[in-house]
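Notes follow the structure.
Because only heavy atoms are used, hydrogens play no part in the values below, and waters and symmetry mates are left out as well, while side chains stay in. Residue numbers begin at 1 in each chain, while the letters A, B, ... track the order of the sequences.
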Amino acid sequence: MMIIEDLLRRALLAAVERYGVFEEDVDIILEKPREADHGDLSSNLALMLGGRLKRKPRELAGEIAAAVELPREIIESVEIAGPGFINFRISSGHQIERLLDLIQEDGALEAIKTGGGKRINVEFISANPTGPLNVVSARAGAFGMTLSRLLDAIGFDAHAEYYVNDAGRQIELLGRSLRAHYMQLAGEDVEFPENGYKGRYLEIMAGELLAQDSAAIRKAGEAFDNESFQRVEIPKGDATVWKDLPEEESTACFSKYALMKILGWQRETCRRYGLRFETWYFESELHDSRRIERALERLKKQGAVYEEEDAFWFRSTDFGDEKDRVLVRSDGLPTYFLADIAYHYHKFQRGFEHAIDFWGPDHHGYISRMQGAMKALGVPDGWLEIQILQQVTFLEDGRILDMSKRKGQFVTMDALMDEVGADVAKFLFLMRKPNSHLDFDLDLARQQSDVNPVLKVKYAHARSCSLLGIAAERGIEVGEPTAASLTHIQDESAWAVVRELVRLPQVIVSAAKSREPHRLAGYALEIATLYNQFYNQCKRILDQDPESRLALLHLTVLTGHVLRRMGELIGIDLPESMEKRD
RNA sequence: GCGCCCGUAGCUCAGUUGGAUAGAGCAGCGGACUUCUAAUCCGCAGGCCGCAGGUUCGAAUCCUGCCGGGCGCGCCA
């Protein structure tokens with residue numbers, strides 16, 4: 001079935017050809033007007049063309065409307081309104097066809113799959129493996145995962161990825177911190193490293209370590225028997241052995257242990273939050289496979305590197321950066337930036353046709369140099385897309401929580417899930433657009449009350465299920481929705497539901513293409529609200545005459561379908577029944 | 001100082017990419033529902049869309065300049 005917007009677009013184009021206006025001249029936008037009185041779809045074509053053709057928009061609209069050829073069985077009426085809008089009203093018969101098309105195997109949800117199976121890498125969270133996942137990752141998790149699903153929904157092959165910075169100084173510092181805690185608990189006098197990780201979790205980890213033998217440690221490490229985690233190394237022996245090793249070796253063992261434990265936590269937290277990463281990519285692999293040196297060589301070959309004061313610099317100013325950046329420090333160690341270049345270059349080599357990174361706002365200054373490096377390496381423009389997710393401020397007792405890990409006071413994603421549940425958290429994050437700062441009031445979220453619009457969606461779904469359940473109990477045969485039954489929809493509130501459900505494909509496409517998954521949450525809420533209004537308006541659906549009853553039950557079936565599709569995309573569970581509230 | 005993001009109802013936020021009378025939830029007030037179990041529904045009130053210019057048929061949306069808030073400006077990661 002042809003999408004109705006395309007049909008109208010073509011008809012309008014044909015109608016304006018005689019003005020010398022062709023497809024490439026104008027982007028015809030058809031949208032659902034805010035006011036139901038204005039029809040089902042509206043075009044501002046005449047308004048846009050008015051200036052160019054030096055014509056009064058309203059007159060022009062009249063001419064276009066008269067010239068446009070449309071099948072009457074689909075478009076019931078064409079009207080001119082306001083300053084020159086052309087409003088179309090879709091016939092009820094066709095509206096029902098669109099509705100049914102949502103559940104056809106080769107229907108509208110199939111038609112929007114225009115991605116051609118192209119592989120897109122979506123990287124998000126990628127938090128340092130130096131502590132439990134912090135709540136600030138929760139927003140990225142919700143967005144990244146939902147965008148991945150959205151991309152799949154429009155026919156791409158999305159690949160969720162997590163980059164693990166398991167190399168470099170911070171990991172050494174992590175090991176030294178754990179070692180110090182361990183030594184102190186074991187009664188040894190060891191100084192805590194300057195800028196070490198002071199989180200309580202490391203103290204607890206050290207305490208547990210005291211009681212563990214090498215067999216237990218090995219067993220814990222075996223939890224990583226998984227292709228993606230081949231880089232996780234389990235230190236040999238146990239901590240009593242490690243602490244007697246020379247300091248450097250000892251630290252390495254504690255580092256490996258801490259990494260193993262923390263990655264275990266992070267992976268479990270992600271699992272609990274409903275995140276599925278196809279790949280966990282380890283920075284250490286870049287070092288071992290010499291990809292870092294190779295990336296540097298390639299940059300050198302392109303003439304994008306120079307040496308100064310014993311360091312190697314990338315000419316990022318050639319690519320719009322405000323200053324050149326160091327790739328290899330004067331002590332010979334590669335910077336994080338160089339590793340990141342190598343990582344993204346490898347991502348490109350792995351055959352992804354596009355890559356999307358979700359970064360925090362504190363990394364925005366990093367974009368131009370990264371894009372510059374990609375360009376210098378010969379990666380096509382636009383291949384790497386960077387989405388900045390603005391900051392989340394967490395409030396507790398009316399005060400802003402300091403999220404600095406090193407100070408040891410922060411809220412974990414697990415704590416958030418304990419307090420409000422994963423679904424509530426995900427939904428709240430997905431209600432906000434990505435580039436707006438967001439205040440997350442933990443006290444409010446804990447209340448589990450009106451601040452949880454997600455419950456409205458869940459209840460609406462449960463309500464639809466229970467209605468169908470009762471119908472079944474009464475022996476009412478519902479079956480699959482058909483055009484014949486749905487034509488008996490009379491009530492305006494029921495039609496309002498129809499008109500909203502029918503937007504599903506377009507909502508998915510726009511949310512995916514604009515990278516604004518938050519539109520899904522708004523849509524799901526709108527459906528829930530309209531369904532509730534309808535339910536309230538059409539009193540006692542089951543007591544109505546058989547034809548109306550069947551029509552409304554079929555509408556209920558379809559509402560359930562659409563809500564569940566939303567639930568899948570957003571990643572929330574929509575149960576068939578809810579606990580009764582006291 | 002420079003760069004990025006934000007400023008919309010008392011609060012938290014939407015606003016379909018420049019459209020028609022700027023919306024929702026919460027909080028406040030008033031109703032409905034003795035039910036198909038529901039945290040549901042209806043109504044009222046609440047606005048200088050930070051301020052000032054500009055662009056045009058038309059601006060919360062685009063441009064410029066201010067004001068205010070956040071973040072970033074390392075041979076850190």
### Query
Counting just side-chain N and O atoms, does A:Gln533 come under 4.0 Å of either OP1 or OP2 of B:U40?
no
Could you work out the separation of [N] and [M] based on their [atom1] atoms and round it to a whole Å?
{"N": "B:A22", "M": "B:A9", "atom1": "P", "answer": "15 Å"}
{"N": "B:G65", "M": "B:C26", "atom1": "C1'", "answer": "37 Å"}
{"N": "B:G23", "M": "B:G15", "atom1": "P", "answer": "15 Å"}

Which of the following nucleotides, [options], is nearest to the side chain of [X]?
{"X": "A:His364", "options": "B:A14, B:C41, B:C4", "result": "B:C4"}
{"X": "A:Asn532", "options": "B:A14, B:G70, B:C41", "result": "B:C41"}
{"X": "A:Asp439", "options": "B:C13, B:U17, B:A38", "result": "B:C13"}

### 5'-most by nearest nucleotide on RNA chain B - A:Pro334 or A:Phe85
A:Phe85
### Query
Quick one: on RNA chain B, does A:Arg369 or A:Leu30 contact a more 5' nucleotide (nearest heavy atom)?
A:Leu30
### Task
Please step through salt bridge (charged side-chain N to carboxylate O under 4.0 Å, His left out) for the pair A:Glu172 and A:Arg169, ending with a clear verdict.
CA-CA 5 Å; A:Glu172 193 204 320; A:Arg169 258 193 232 156; over 6 Å; no
### Message
What does the 5'-to-3' dot-bracket notation of RNA chain B look like when only Watson-Crick and G-U wobble pairs under 3.5 Å count, and pairs to other strands show as |?
### Response
(((((((..((((.....[...)))).(((((.......))))).....(((((..]....))))))))))))....
### Query
Quick one: which of A:Arg98, A:Arg503, A:Lys32 gives a salt bridge (charged side-chain N to carboxylate O under 4.0 Å, His left out) with A:Glu5?
A:Arg98
#### Entry: Within-4.5 Å side-chain heavy-atom neighbours: A:His518 and A:Pro434
yes
Regarding [X], tell me which of base, sugar-phosphate or nothing describes its non-hydrogen contacts under 4.0 Å with the strands shown.
{"X": "A:Phe337", "result": "nothing"}
{"X": "A:Glu309", "result": "base"}
{"X": "A:Ser514", "result": "base"}

### Query
With centres under 5.5 Å and planes under 30°, do A:His437 and B:G70 count as stacked?
no
### Message
Can you see whether A:Tyr535 has A:Arg463 sitting over its ring - NZ or CZ less than 6.0 Å from the centre and within 45° of the normal?
### Response
yes
### Query
Cationic tip of A:Lys300 within the cone over A:Phe312's six-membered ring, i.e. under 6.0 Å and within 45° of the normal?
yes
#### Entry: Syn-anti status, with the boundary at 90° from 0, for the nucleotide B:U8
anti
### Task
Test A:Arg369 against A:Asp324 for salt bridge (charged side-chain N to carboxylate O under 4.0 Å, His left out), laying out the working first.
CA-CA 8 Å; A:Arg369 74 188 80 163; A:Asp324 290 341; over 6 Å; no
I'd like a list of close polar pairs between nucleotides 56-61 of chain B and the protein, N/O only, cut-off under 3.5 Å.
{"from": "B:C57", "atom 1": "N4", "to": "A:Leu47", "atom 2": "O", "distance (Å)": "3.1"}

### Message
Is it the case that the ring center of A:Phe429 lies less than 6.0 angstrom away from the ring center of A:Phe143?
### Response
no
